[in-house]
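The chain is numbered in sequence order, starting from 1.
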Amino acid sequence: MSGMRPSGRLHIGHLVGALAQWVNYPDSVDAFFEIADLHAFTTKYDDPQAIRDDSDEVVLDWLAAGLDPQRATIFLQTAIPEIFELHTYLSMIVPVAWLQRVPTYKEQIEALGADIATYGFLGYPLLQLCDIAVFRADSVPVGRDQLSHLEFGREVVRRFNFLYGPTLVEPTATLSEFPAVPGTDGRKMSKSYGNTIDIADDAETTTKKVRAMITDPLKVRRNDPGRPEICPVFALHHLANAARVALIEERCRSGELGCVACKGELAETLNAWLAPVRARRASLDRERVAQILAAGNEKARVVARATLRDVRRAMKLVP
Ligand code: SF4
C-alpha cells in the first residue's frame, strides 16, 4: 500500500523514484495506490478546486508512468469512508502526546506557519495509519523520513490490539532509497522550489528548462575545463543518457565540450526518454481517470468494509 498527496503534477524525480518502484512490484503482491486527497486538505484546505484538479493530474501521471489499473487498485482516499470511521475510533485511544512528538509535526509547523496548526494536521500521521490499516497492508514502501510515522502507526495498532483483541495488522516498512535527482537550479528537484521537469511538460518546455539550467560556474567559456561532479546537467545525463556519461565527463573535464552543446544533448535525450510516457499520458483523459477511480474505489471498499466490520465487532459496537 502506498499513496501520494495530490499537490500538482509529478516530475522526473518521481518517475525514477517512487513510480519506478510502484510499476515494478512483483506479481505476488496485491497492491493498493491511494490518491491522498484528504491529506492535501491539511495544508491546502483553502483551495479545494486545486486538490480536485491535482488528483486527476496525479492519476494521469501514474498511468503515464506505466501503473496498470488492471493489476493495481488505484483509488481516491475520500471515496473510502471506512478510512475516516477508523480514524475516529483510533482517535479515542491515541494520546495527544504521541502525535505531538512525531518529528515532522514541529518541523512542518515551523516551515509552513501557524495556519496549518489544525486539529486535522496534528492527526495527520493517524490518518496515514488508517489508510494503511484499513487495507490490512503488511508492507509499506517508505522513505527514511517517513519511518517515524510508520513507527507511530505500529504503536497505535499494538495499543488497539491490546485493548480490543488482535484485529489490525502491524505494518512493516519496506525502506526505499531513491536516486537523488537535482532540479534545474541544482537543488533537490521539488515542486516547492519551482525547479522541476514535469512528466507532462512538452518537448519544447523541457528544452527551455534544460537551456536555463545552472552548470559549473567556473566554466565560463566553452573551452574552460568543467567539473561535472557539481553540475546538475551532468547528473541528469545519468537518467536518460547513461551510455554516454563517461564520454561527456571526459570531454567536459578537458574543455572539449561546451555547456550549450551538453545541454542540447541532454534536452534531446530527455525528450526521447520521456516520449513514450508522454504519448501514454496524451492518450488518456479525465473520463478514463474517473472510470479507473470508480473501479478502484469499489475494489478498495470491499477490503475496507471487511476490516471495519471486524473493528466494530472488536470494539463491541455491533451486536
Ligand atoms: S559541459 Fe556539461 S557537464 Fe560540463 S559543466 Fe557544462 S553542462 Fe555541466
Side-chain angles (χ1 to χ4, degrees), residues 1-6 18 22 25 28-42 51 55 58-59 62 67 69 71-95 98-99 102 104 119-142 146-174 292-318:
M1 195 277 156
S2 197
M4 276 185 200
R5 185 196 285 233
W22 288 13
Y25 66 85
S28 56
V29 168
D30 195 9
F32 289 78
F33 297 107
E34 176 188 270
I35 297 287
D37 56 341
L38 192 65
H39 283 291
F41 274 89
T42 55
I51 296 173
S55 296
V58 171
V59 176
W62 286 2
L67 204 60
R71 214 173 140 230
T73 305
I74 299 174
F75 67 97
L76 193 66
Q77 184 185 28
T78 48
I80 316 295
E82 289 77 11
I83 294 173
F84 314 132
E85 187 180 341
L86 183 61
H87 185 249
T88 304
Y89 296 154
L90 293 183
S91 70
M92 302 301 159
I93 66 164
V94 174
W98 286 16
L99 286 159
V102 173
T104 48
Y119 172 55
F121 184 69
L122 176 67
Y124 159 62
L126 185 62
L127 185 60
Q128 229 176 18
L129 166 70
C130 294
D131 296 332
I132 298 165
V134 90
F135 299 110
R136 299 198 153 115
D138 52 3
S139 166
V140 185
V142 288
Q146 290 284 308
L147 275 177
S148 61
H149 284 201
L150 200 76
E151 198 37 59
F152 158 83
R154 287 162 58 84
E155 218 173 332
V156 175
V157 167
R158 285 196 292 271
R159 185 165 167 88
F160 183 96
N161 289 345
F162 172 76
L163 288 167
Y164 307 117
T167 310
L168 297 176
V169 174
E170 235 182 277
T172 55
T174 312
I292 288 168
L293 285 177
N297 295 341
E298 205 33 61
K299 206 172 147 203
R301 279 203 79 186
V302 172
V303 185
R305 281 194 199 106
T307 306
L308 261 290
R309 242 188 335 262
D310 292 347
V311 166
R312 288 188 216 107
R313 202 172 286 145
M315 294 178 78
K316 313 286 181 224
L317 294 172
V318 283

Selection residues 122-141 - residue pairs positive for ring pair (Phe, Tyr, Trp, His ring centres under 6.0 Å), sequence neighbours left out: Phe32-Phe135, His39-Tyr124, Phe75-Phe135, Tyr124-His149
Nearest-0.5 Å distance that lies between atom CG in Leu150 and atom OG1 in Thr174: 9.0 Å
If I compare all heavy atoms of Pro6 with all of Ala36, which pair ends up nearest, and what's the gap? CD-O, 3.2 Å
Please report the shortest heavy-atom distance between Pro125 and Leu99, naming the atom on each side. CD-CD2, 4.0 Å
What pairs with Glu170 under salt bridge (charged side-chain N to carboxylate O under 4.0 Å, His left out), at least two apart in sequence or on another chain? Arg154, Arg158
By ring pair (Phe, Tyr, Trp, His ring centres under 6.0 Å), Tyr89 pairs with (sequence neighbours left out) none
Starting at CG of Leu308, measure out to CD1 of Ile80 and round the result to the nearest 0.5 Å. 11.0 Å
Going by side chain to side chain donor-acceptor pair (under 3.5 Å), name the residues that satisfy it together with Ser148, two or more places apart in sequence or in a different chain. none
Can you list the steps and then say if Glu34 with Ile83 is a side chain to side chain contact (heavy atoms under 4.5 Å, CB included)? CA-CA 12 Å; Glu34 176 188 270; Ile83 294 173; 3.6 Å; yes
Among residues at least two apart in sequence or on other chains, which ones pass side chain to side chain donor-acceptor pair (under 3.5 Å) with Thr307? none
Return the minimal non-hydrogen interatomic distance between Gly123 and His87, and the atom names on each side. O-NE2, 3.7 Å
Audit row: Val134, Val311, side chain to side chain contact (heavy atoms under 4.5 Å, CB included) steps and yes/no: CA-CA 10 Å; Val134 90; Val311 166; over 6 Å; no
Could you pull out all residues at least two apart from Asp310 that satisfy side chain to side chain donor-acceptor pair (under 3.5 Å)? Arg136
Which value, rounded to the nearest 0.5 Å, describes the distance between Met1 atom CE and Asp138 atom CG? 12.5 Å
I'd like to check the salt bridge (charged side-chain N to carboxylate O under 4.0 Å, His left out) partners of Arg159; sequence neighbours left out, ordered by chain and number. none
Qualifying residues under side chain to side chain donor-acceptor pair (under 3.5 Å), relative to Thr78, sequence neighbours excluded: Asp37
I need the Thr42 OG1 to Gln128 CD distance, nearest 0.5 Å. 9.5 Å
Glu85: what forms a salt bridge (charged side-chain N to carboxylate O under 4.0 Å, His left out) with it, not counting sequence neighbours? Arg312
Residues that Arg309 engages under salt bridge (charged side-chain N to carboxylate O under 4.0 Å, His left out), provided they are two or more places apart: none
Answer yes or no: is there a donor N or O on one side and an acceptor on the other, between the side chain of Ser2 and the main chain of Phe33, under 3.5 Å? no
Determine whether a donor-acceptor pair (N or O, by modelled atom type, separation under 3.5 Å) exists between the side chain of Asn161 and the backbone of Thr167. yes
Spacing of CG belonging to Leu127 relative to CG belonging to Leu86, to within rounding of 0.5 Å: 9.5 Å
Mind jotting down which residue pairs meet the salt bridge (charged side-chain N to carboxylate O under 4.0 Å, His left out) criterion with at least one end in residues 126-135? Sequence neighbours excluded, please. none
Run the side chain to side chain contact (heavy atoms under 4.5 Å, CB included) test on Val157 and Val169 for me, step by step, so that the C-alpha distance in whole Å, both residues' side-chain angles and the decisive distance to 0.1 Å come before the verdict. CA-CA 7 Å; Val157 167; Val169 174; over 6 Å; no
Taking Thr88 for its side chain and Phe84 for its backbone only, find out whether a donor-acceptor pair lies under 3.5 Å. yes
Results of side-chain contact (heavy atoms from CB on, under 4.5 Å) for Pro166 - residues two or more places apart only: none
Might you work through the side chain to side chain contact (heavy atoms under 4.5 Å, CB included) test for Leu168 and Leu90, ending with a clear yes or no? CA-CA 11 Å; Leu168 297 176; Leu90 293 183; 4.3 Å; yes
Is any side-chain heavy atom of Trp98 less than 4.5 Å from a side-chain heavy atom of Leu126? no
Is there a side-chain contact between Val58 and Trp62 in this structure, where contact means two heavy atoms from C-beta onward sitting under 4.5 Å apart? yes
CZ on Phe160 to CE on Met315, rounded to 0.5 Å: 5.5 Å
